[in-house]
Every structure is written in C-alpha cells, then in structure tokens.
2 protein chains.
Amino acid sequence: MRWSWLLTVGVVVLSLGATALGEMGLEVPEYDGHDRVHHLSAKNYKSVMKRYDVMVLYYHRNVDGSRTATKQLQIEELLAAQVLEDLKDEDIGFALLDAKKEKSVAKSLGLDEVESIYIFADDEIIEYDGELAADTLVEFLYDVIEDPVEIIDNERELKGFNNMDEVIKLAGYFKSEKSPHYVEYEDAAEEFHPFIKFFATFDPKIGKKLKLKLNEVDLYEPFMEESVSIPGRPYTEDELVNYIEEHDRPTLRKLEPHSMYEIWEDDIDGEHIVAFAEEDDPDGYEFLEILKEVARENTDNPNLSIIWIDPDNFPLLVPYWEKTFRIDLGSPQIGVVDVEDADSVWMEMDDQDDMPTADELEQWVEDVLSEDTKYSNIF
Amino acid sequence: MRWSWLLTVGVVVLSLGATALGEMGLEVPEYDGHDRVHHLSAKNYKSVMKRYDVMVLYYHRNVDGSRTATKQLQIEELLAAQVLEDLKDEDIGFALLDAKKEKSVAKSLGLDEVESIYIFADDEIIEYDGELAADTLVEFLYDVIEDPVEIIDNERELKGFNNMDEVIKLAGYFKSEKSPHYVEYEDAAEEFHPFIKFFATFDPKIGKKLKLKLNEVDLYEPFMEESVSIPGRPYTEDELVNYIEEHDRPTLRKLEPHSMYEIWEDDIDGEHIVAFAEEDDPDGYEFLEILKEVARENTDNPNLSIIWIDPDNFPLLVPYWEKTFRIDLGSPQIGVVDVEDADSVWMEMDDQDDMPTADELEQWVEDVLSEDTKYSNIF
C-alpha cells in the first residue's frame, strides 16, 4: 500500500452506568490491553504462522529513530489488538514484520510492498489494499473466511443475487458440486476471492432464469443490465482466470473502503474519470442514474472506466477532496483527475438547474477521452 | 449515552513513498498534533460557544485519579481533533466539559446525560447517540449542517426519493417556499433534523405523482409501500410535531451507526425483536424480503417494532453478538432480546433448508407478542 493512511484505531471505553442503567445488547467487548500481536523474525515466523488458519501480517517500515513513526506503529498494534480481540474465536492471528530488520523473512514469504497488509489463508496470499480501519479490516476478514462460491438455491436468493449490482460477479450453472467443471470454477473463485463474487446454482429452474446452459458461466459487470457469457464452455480453471483478468476493469465501478487504494492504482494513462454522487440524496441519485445510462451505452469502450465515489462512504476524505479538487461535494460532480499530481478538471454543472442529460454527459466523456480537447491540455 | 463505547480514533500516518511513487488523490490530511479542542469552564464557555456556527460538546465524566480513564479521555481528544481538523472550513468547534468540575455549566446548557455528545446548531441542541467513531460522527455533522428540508424538483429526483426506503421520511406539496404552510413545515423539520428526512415539492406534477393535495404532508414509514397522509391540512408546526412524535416508531427499522444507542433505548416493555440479515447476501436478502412482507401486513400493530441489523454495518460488534446471543450471524436470525440482561430467544431456522414463509414468521412474531407462550416465559 503506497498511500498516506488514515488509521482508525478501535479502543474501547467503558462508560459509567452501562450496567447500572440496565440496558444491554450493544456493548463492545473491552480491550484488555494484553498484547496478542506477534513480532515475526527469522526464528519464529514458521511456527507462529502455522498456529493460525488465517494470518494477518502488517509489513511495516522500520521505525528506529523516529518518535512519530514509533508512536504510529504503537497505534497500529492497538488496531491489530482490537481486530484480534474481536476475532479471537475465528483462529485469526495478527503479526508485524519489520521491513528493515527482517528482510529475509519478507523475501521467504514473497512480500514486496512495504506498508502493506498481507493475509495468508488456505495457501493464498491476499493483499489488503483498503482503509486501515478496524471495522473495514474486520469486515474484509469475514469475507475472506467465507466460502469463495455462494450457492443460489431458490427464487428469493436469485432476487438477492440480482439486487447486488455494485460488484463484479459471476454465476455458473452446474450439475452438482461434485461436477469436475464446478471444481474448476471453485478453484478459479479462490484466485479472486473475496474481491470478485462467485455464485453457482445446481437447480435447472434457477439456471434457466439466469439464462445459463449447463457448465456455462456468465460475468456481470457492475451496473450493467445484461451479463456476458464466457465463451468456450466447459472451462478449465486457467481459462476462467484468464478471461476474468482480461475483463476485470468495469466501465463504471464504485470505490469501496476495503479496496480503495487498489482501485485508485488501477488508472488509465495516469488518469481517472471520477464521479462523486451521494446515492441517498435525490440529486446524487439522479446523477447516478444518468451515469449508469452512459456506462451501459459505452460498456464496450476499453478506454472508459469511471470511478463512482459516494461521499457518504468516505466522510473523512470529503474535506480533503473538496480542497484538493476545488469542488463542492454538496452536489454531484464528474471530472478527470491526474493521479500524479492530483490536478483535475470538472464538468461545469449549474446545481440550480437540471442535471446534464445522458447525451451531454456522454459528449463530455468523449471530449475527455479524445486527446485534442481542452480537457487533456491541462495535464 | 449510556453504553460502553467503541471509540474509533482517526490518526494519520504518512507512509514512505506516497509522493515518490507519484500517485495522488486519496490522501487524508495530516493531523498536526495541535490541540484545537476547547476545555469549557464557567469562565470561558459563553465566549467559546459564540465563536462557532456548530459546537460539538463531549460531556464526559471526571477522570481524576484513574489512569485508564485519563488515557481514554486523551484518545477522545484525539478523535475530536481529527474531526475538527477535517471540518475546520465548516466553522465547527469541539469542546470537552467535565461533569464533576463544571456542574454549573452543564446545568446552564441543559445537559443531563454524562458521557454524551451534544451538538449545538442554530438554537437547537441535538444529542448524538451513535457510534463514537470519527467517520460516523463527521458524516452525522455533515447531515446536521444541511438544510432540514430537501426539495424535489423533477422526476429523477422523485425516483431518488422513492429509492430511499430505509428511513422515516415526509413529503409535502406547497405553492412555494414563501407559503406560510411551508414555513410551518420547515420549522417542524428543524425539530427532527437530521434524524427524520423532510422533503417538499413546489411542482404540481411532482405533487400529483406523490398523490399530495396542496399543503398536504405524507409520512412514509421505512419499508412500507404506502404512505399515510397526515390528517387536518394545512398544519401548524405543533400539529406536525405532535403527529410525528406519535408515529416515529416504525414497525420495521434499520439500526444505523449514527443513532444506534438511541434506537436501542427505545424498547417495548424492556424487549426488542431483533432480526439480523445481511442485505448483500442471497440468504439475508431473502429473509429481509420476508420480514418486510410481515411488517407491511402488521404496520397497524403498535406493539410490533422490529429492529433490523445488517451485520455488515457493525463488523466490530459481530463477535460480541454471536457470543452474547449464542447465534451464528453467518445466516439470518430473528429473536427477542431482553435489554436488561441481554437474555434472548431465537427462532429456529435450519439454514440448510428454505427460509420460513411470511406466514410462519408472522406466526412466530404473534407467539412472541402474546404473553402466554414459551417465548415470554424465559424472561
């Protein structure tokens, strides 16, 4: 992770009167101050890592000689302790690895990016490139320990599947979980778990509703109405993995706290098209609808990838964005951001008037993408 | 606020190489360590509070003689400083008030609950009874400084309004914002802002789509398909306030981080019916659909109030709930919780099989509400 981090540390405060006043049910378990975080070294790392099903490893820079950095590391240990305290029944361990002192361990484990969190689970190494906050990290760990493929059994679950339109997801129809084609699918799912959601059904009726032939897998881009069938069924694990890797940058995607830095690094020629819209606000909802329309019409354009940010998901970043981009996030915005220097240009929208139409927005996006416009000149 | 708090403190860590690697746009502003938090006393409180449009006041217990409590207070100051740093352009101040040393100030300000956060804005005192986390509090403060009434101008905004089904909301149709009836409505909105959402339209077409006559106001319960027209239009502010206060406990409501403790305190006879369901999961979505069906059919029953908790919104509380209630939150659950001792009883659901039908769930709820069943016996 290569960013300045917002570190959110969970610490528990027992307020007076919680029990005395006699209402229970929402208490957070108390952090008891015991250090359960492991410090890995060449001597202990193998035995420590063997002890847990899941090991969360914070690969941090050396802090010797810097008072600030030392203090920050202590805060990170607190974060780890809180996460650990929370998850102690789940057999999850937490460890720190000093990048300077323990170079050989990092090499043995195959870690390359200092200031990153790596999660070791079931022979897979997952890099966590999200917000360093206890709640976001714990939620992510819960996803990690879930099965990589979720089964759709009935129509209501199908409705739930259809309702999930903000993520990249796949659905496959197989004869049973013993089918060798399902096993290949499950193996592919492990490669992308938990970032991409894999679903399967063994029920012919559900398969039909999903418009899937036997052993067929469809990929769903976020916010699209139609899925795309992966050609060449039945597939091997490698065929699935290759196809997904070629198609894992959607036309429109939502910035999520658990993967925010990863998405931000996935720019196109050093630029991002960024749209701010608050879904729980009539203006924002309206703008998002227009944006989805534009994305659907341009889903085949490989040069178009828009990041939608709902400011409600990142309240602490709002003042920074408003200042850096010189925009008001009280109303929707769309712009192009240069990731090298955070230079940006934003579409002019009069928030007193109506939103742009889908055509106007599409024209603006086209102008932005063509190299000879006023927009690209500023960079 | 009478609870053990999970205190989430935002502290900023500048990672090496953020600029060197040359990607920008997601940095959080650095916390510079300067203490901008005011300590209120009888001498300074009037002048300090006059300086800000919005004053966030943490009314805390005295910590003299307790090392742990002192440390915790320091962490709370860090939280405050982070929030303040984030909001410094918004003219929001943050202050601490010691409950033991400054009794008279607390009395003058009308504060009665120690360990609470009070927000002073535009002559209103808002008690913040939510999670003590920087992001939740900042998001709440953004809501506080927004206008209490949101105007619906066109059909897409209307769609956004309709999409918002998880909160209590009101919609009114008035001639213009100069209409005296609109002014009464706006005054009523200020009483409930930002907990209840108020909308208005001045456009006859939108008014018609909302099935509103001129000067009429409808109240929308969360998750209901139909709204209820408030009788006796046009209304005075008091009439609106009284009606809303009588109808502000919905049949089904979602637990939100910014008001979680307030909702938890609003029990019926010391009990809550609590349903856990993860909306982003097919099982959870399915269960939620059934739950909404039951709520819609029983919306007129004043003794029925179900709290829906999406575990995704409270990852740090999941282990505590699983332990306290002895349930597995990997699948949906519904139960009755005694808020005095957190005793609880849960509906038996075989997660391998199908979910209960709406009728079965309704029957279970009826059994729970009737006093002579096995469910009520355990308490």
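Chain A is the first sequence line, chain B the second, and so forth, proteins listed ahead of strands; every chain is numbered from 1.
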Novice: Grab the two heavy atoms, one from A/Pro319 and one from B/Tyr142, that are nearest each other, plus how far apart they are.
Specialist: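 Scanning both residues, the minimum pair turns out to be CG-OH, 3.3 Å.
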Novice: Where does B/Asn154 contact chain A at under 4.5 Å (heavy atoms): side chain, backbone, both or neither?
Specialist: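 When you check distances to chain A, only side chain atoms of B/Asn154 fall under 4.5 Å.
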Novice: I need the B/Glu279 CD to A/Met164 CE distance, nearest 0.5 Å.
Specialist: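 So the CD of B/Glu279 and the CE of A/Met164 are separated by 9.5 Å.
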Novice: Look up atom CD1 in B/Ile151 and atom CG in A/Asp283, then write down how far apart they are to the nearest 0.5 Å.
Specialist: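 Output value for this atom pair is 11.0 Å.
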Novice: In terms of heavy-atom proximity below 4.5 Å to chain B, should A/Glu150 be classed as side chain, backbone, both, or neither?
Specialist: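 Side chain only.
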Novice: Going by side chain to side chain donor-acceptor pair (under 3.5 Å), name the residues that satisfy it together with B/Lys254, two or more places apart in sequence or in a different chain.
Specialist: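 Here the qualifying residues are B/Glu166.
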Novice: Might you point out which heavy atoms bring A/Arg156 and B/Ile290 nearest each other, and give the distance in Å?
Specialist: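 Distance-wise, the nearest heavy atoms are CZ-CG1, 3.5 Å.
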Novice: Enter the distance from B/Glu286:CD to A/Asp153:CG here, rounded to the nearest 0.5 Å.
Specialist: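 Answer rounded to 0.5 Å: 8.5 Å.
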Novice: Do you know which two heavy atoms are closest between B/Phe199 and A/Pro282, and how far apart they sit?
Specialist: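 It is CE2-CG, 3.6 Å.
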Novice: What closest approach, in Å, do A/Pro315 and B/Val138 show between heavy atoms, and which atom pair accounts for it?
Specialist: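 Smallest heavy-atom distance, with atoms named: O-CG1, 3.7 Å.
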Novice: Side chain, backbone, both or neither: which part of B/Glu155 has a heavy atom under 4.5 Å from chain A?
Specialist: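 Neither part; nothing is under 4.5 Å.
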Novice: Got a sec, which residues hit ring-ring contact (aromatic ring centres under 6.0 Å, His included) with A/Phe314, two or more places apart in sequence or on another chain?
Specialist: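 With sequence neighbours excluded, A/Phe314 shows a ring-ring contact (aromatic ring centres under 6.0 Å, His included) to A/Trp321, given in chain and number order.
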Novice: Identify which part of B/Phe287 has an atom lying under 4.5 Å from any heavy atom of chain A, answering side chain, backbone, both or neither.
Specialist: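 Interface part for B/Phe287: neither.
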Novice: Check this for me: does any side-chain nitrogen of one of A/Glu289 and B/Lys159 sit under 4.0 Å from a carboxylate oxygen of the other?
Specialist: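 Yes, A/Glu289 and B/Lys159 are salt-bridged.
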Novice: Can you tell me how far the CZ atom of B/Phe161 sits from the CG atom of A/Asp280, to the nearest 0.5 Å?
Specialist: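 It comes to 12.5 Å.
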Novice: Checking heavy atoms, do the side chain of B/Asp281, its backbone, both or neither come under 4.5 Å from chain A?
Specialist: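 Interface part for B/Asp281: both.
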